[in-house]
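These numbers were taken from a predicted model, which means no experiment stands behind them. Sequence lines set the chain letters: A, B, ... in the order given, protein chains first and strands last, and positions in each chain run from 1.
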Number of protein chains: 2
Amino acid sequence: MTTERRRPGRPHRDRPLLTRPAILAAALELVDEAGIGALSMRRLAGRLDVDPMSIYHHLPNKAAIVSGLVGTVYSTMAPVPVDGPWAERVRAWARAYRDLALAHPNLVLQIVTDSVAASDAAVLISEPLYAAFDAAGLAPPDVVNAAGALVDFVNGYALAGAAAPVEGDPMGERLDALPPDRIPTMRRVHAAVAREPAERDFFSSGVEIIIRGATALAAGATGR
Amino acid sequence: MTTERRRPGRPHRDRPLLTRPAILAAALELVDEAGIGALSMRRLAGRLDVDPMSIYHHLPNKAAIVSGLVGTVYSTMAPVPVDGPWAERVRAWARAYRDLALAHPNLVLQIVTDSVAASDAAVLISEPLYAAFDAAGLAPPDVVNAAGALVDFVNGYALAGAAAPVEGDPMGERLDALPPDRIPTMRRVHAAVAREPAERDFFSSGVEIIIRGATALAAGATGR
DNA sequence: ACCTGAACACCGTTCAAGT
DNA sequence: ACCTGAACACCGTTCAAGT
């Protein structure tokens with residue numbers, strides 16, 4: 001009935017107790033459940049039932065764990081169609097990237113930061129988006145600018161969605177608390193929207209704005 | 001010649017040694033110089049030549065220091081014209097907000113996160129942007145969507161600019177390091193841009209895309 | 001009211017010691 | 001090669017004690 005005490009030394013197994021995937025899986029669970037602040041080497045080790053220092057034999061440091069986590073999440077991005085109407089492919093890419101980010105709200109900050117730091121994994125997932133804007137007939141600089149604008153928009157959106165999950169009408173309450181004369185337009189506009197909610201959601205509208213803006217920009221650049 | 005030793009007790013002055021603004025100013029210096037990771041109560045106290053615990057008499061905790069910092073930065077946003085062509089006002093707002101964020105690269109993450117968490121200060125600065133899109137004649141839902149898309153874009157852009165300051169052609173090198181068959185479009189597009197750099201910078205293009213997209217969306221919604 | 005200093009419960013990481 | 005455990009240099013914050 002005595003709890004077995006772990007002893008140092010190489011484990012007598014053909015397979016080691018600890019593996020990189022097992023560590024990352026436990027870390028992702030921890031972050032999903034308790035937030036990025038709860039991810040510490042000691043807590044993670046506790047969850048794996050192992051000495052904190054054992055982890056360092058598989059991942060060099062905590063930063064490597066976090067970027068490993070982000071890489072794992074990138075690898076779950078849903079596939080995007082490689083043919084069909086280009087605008088539909090842009091929409092599909094935006095949805096897939098957003099879903100990836102929002103699947104792990106506690107990791108959004110790291111996902112977004114890594115995406116803008118342009119790690120290999122982050123660069124790779126952008127290819128279908130470039131291909132879609134390229135298929136639209138945009139000139140190379142326009143492809144880069146349109147894809148960048150869309151990525152930045154989704155990054156900003158994901159950050160907002162994760163930081164301030166919407167319940168009821170928090171924006172309305174917040175606006176009511178501020179001095180009316182400082183934000184007349186915001187109050188009026190928000191009141192109008194509250195009376196008659198928009199038929200298209202905020203995310204889709206942002207994507208549509210960028211799709212139409214990119215085509216307009218390209219048309220204008222080539223002389224209309 | 002002996003360095004004077006600090007003694008506990010209320011200081012015999014008409015003005016206290018420590019004030020909230022003095023603490024925030026020292027904290028901002030610390031963050032600007034050494035990064036957000038260098039901001040600790042002990043280091044900050046050292047810089048103020050004070051016991052770490054003294055700070056807690058002016059700010060309740062470290063989180064309050066960080067949000068105080070963000071608030072200070074918001075308060076430095078350059079004014080945006082309240083009349084003139086609406087698109088020009090949108091451009092001016094975007095530049096002012098971007099400049100605010102990039103003025104303190106080590107604080108960008110906090111600025112952006114706070115902006116999406118919609119603190120009072122973050123809401124207040126958006127009023128001129130709403131006013132500009134309202135002046136453009138957009139319907140209320142379109143105003144909200146266009147302003148949101150622009151804010152999210154600039155947030156994403158600022159994050160990218162701070163996380164990966166561009167030197168030389170890092171994107172080109174990164175693309176060269178990846179398997180060519182995985183990113184054919186990105187390679188081709190980037191090579192074309194490298195040969196003939198775009199005349200308009202990435203940030204301005206993003207803003208322009210959103211301005212044009214918003215007007216196109218509004219025109220389409222009203223039946224044309 | 002405002003400042004100090006010891007103490008508590010944590011961190012990430014290095015290093016030597018086990019098998 | 002892989003796991004352990006003590007140790008080092010940090011954290012944020014509470015609490016009692018000074019004036």
Side-chain angles (χ1 to χ4, degrees), chain A residues 2-28 30-31 33-70 106 109-110, chain B residues 2-28 30-31 33-70 106 109-110:
Chain A
T2 76
T3 25
E4 205 152 338
R5 198 77 192 79
R6 280 296 183 79
R7 283 158 50 255
R10 188 178 194 178
H12 297 174
R13 313 278 210 93
D14 21 29
R15 297 240 297 139
L17 295 174
L18 231 42
T19 59
R20 197 188 118 104
I23 293 169
L24 290 180
L28 192 55
L30 191 54
V31 170
E33 287 171 19
I36 192 77
L39 179 63
S40 79
M41 302 304 274
R42 286 166 161 93
R43 278 229 228 182
L44 180 55
R47 192 173 267 250
L48 289 160
D49 197 30
V50 117
D51 183 277
M53 293 317 301
S54 301
I55 298 169
Y56 285 87
H57 288 279
H58 303 269
L59 274 331
N61 51 40
K62 191 183 175 180
I65 296 181
V66 173
S67 69
L69 246 33
V70 173
N106 295 339
L109 218 62
Q110 285 70 31
Chain B
T2 76
T3 26
E4 205 154 337
R5 198 76 192 81
R6 280 299 182 78
R7 283 159 51 255
R10 187 178 195 175
H12 297 173
R13 314 278 210 90
D14 20 31
R15 298 240 297 141
L17 295 174
L18 231 42
T19 59
R20 197 188 117 104
I23 293 169
L24 291 180
L28 192 55
L30 191 54
V31 170
E33 286 171 20
I36 192 77
L39 180 63
S40 80
M41 302 305 274
R42 287 167 161 92
R43 279 229 227 180
L44 180 55
R47 191 173 267 249
L48 288 160
D49 196 30
V50 118
D51 184 277
M53 292 318 301
S54 301
I55 297 169
Y56 285 87
H57 288 279
H58 303 269
L59 273 330
N61 50 41
K62 191 183 176 181
I65 295 182
V66 173
S67 71
L69 246 33
V70 173
N106 295 337
L109 218 63
Q110 285 69 32

* To do: Would you indicate which nucleotide in C/dC3, C/dT4, D/dG5 comes nearest to any side-chain atom of B/D51?
  =>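 When the side chain of B/D51 is considered, C/dT4 is the closest of C/dC3, C/dT4, D/dG5.
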
* Asked: Which heavy atom of A/A45 sits nearest a heavy atom of A/P52, and at what distance?
  ->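 In this case the closest contact between A/A45 and A/P52 is CB-CA, 3.4 Å.
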
* Minimal non-hydrogen separation, A/A27 against A/I65, with atom names ->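 Closest heavy-atom pair between A/A27 and A/I65: CB-CG2, 4.0 Å.
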
* Based on Watson-Crick and G-U pairs with both distances under 3.5 Å, what dot-bracket line describes DNA chain C 5' to 3', crossing pairs as [ ] and inter-strand pairs as |? -> ||.|||||...|||||.||

* Report the distance from atom CD1 of A/I23 to atom CE of A/M41, rounding to the nearest 0.5 Å. =>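 Rounded to the nearest 0.5 Å, the CD1-CE separation comes out at 8.0 Å.
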
* First locate atom CG of A/L24, then atom OG1 of A/T19, and finally report the distance between them rounded to the nearest 0.5 Å. => 8.5 Å

Apply side chain to side chain contact (heavy atoms under 4.5 Å, CB included) to [X] and list each qualifying residue two or more places apart in sequence or on a separate chain.
X      : answer
A/L109 : A/L159, B/L109, B/T113
A/V66  : A/L39, A/Q110
B/S54  : B/L18, B/V50, B/D51

* Structure fact -> Expected string for nucleotides 7-15 of chain D under the B/S/- scheme (protein heavy atoms, under 4.0 Å, primed atoms plus P, OP1, OP2 as sugar-phosphate) is B---BBBBB

* To do: Please report, rounded to the nearest Å, how far the C1' atom of D/dT4 is from the CG atom of A/L48.
  => 15 Å

* **Short side-chain N/O contact from A/H58 to OP1 or OP2 of D/dC3, under 4.0 Å** =>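 So the side chain of A/H58 is within the cut-off, an N or O lying under 4.0 Å from OP1 or OP2 of D/dC3.
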
* Applying side chain to side chain donor-acceptor pair (under 3.5 Å), which residue pairs with at least one partner in residues 33-44 of chain B are found, sequence neighbours left out? ->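 Pairs touching residues 33-44 of chain B that pass the test: B/E33-B/R47.
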
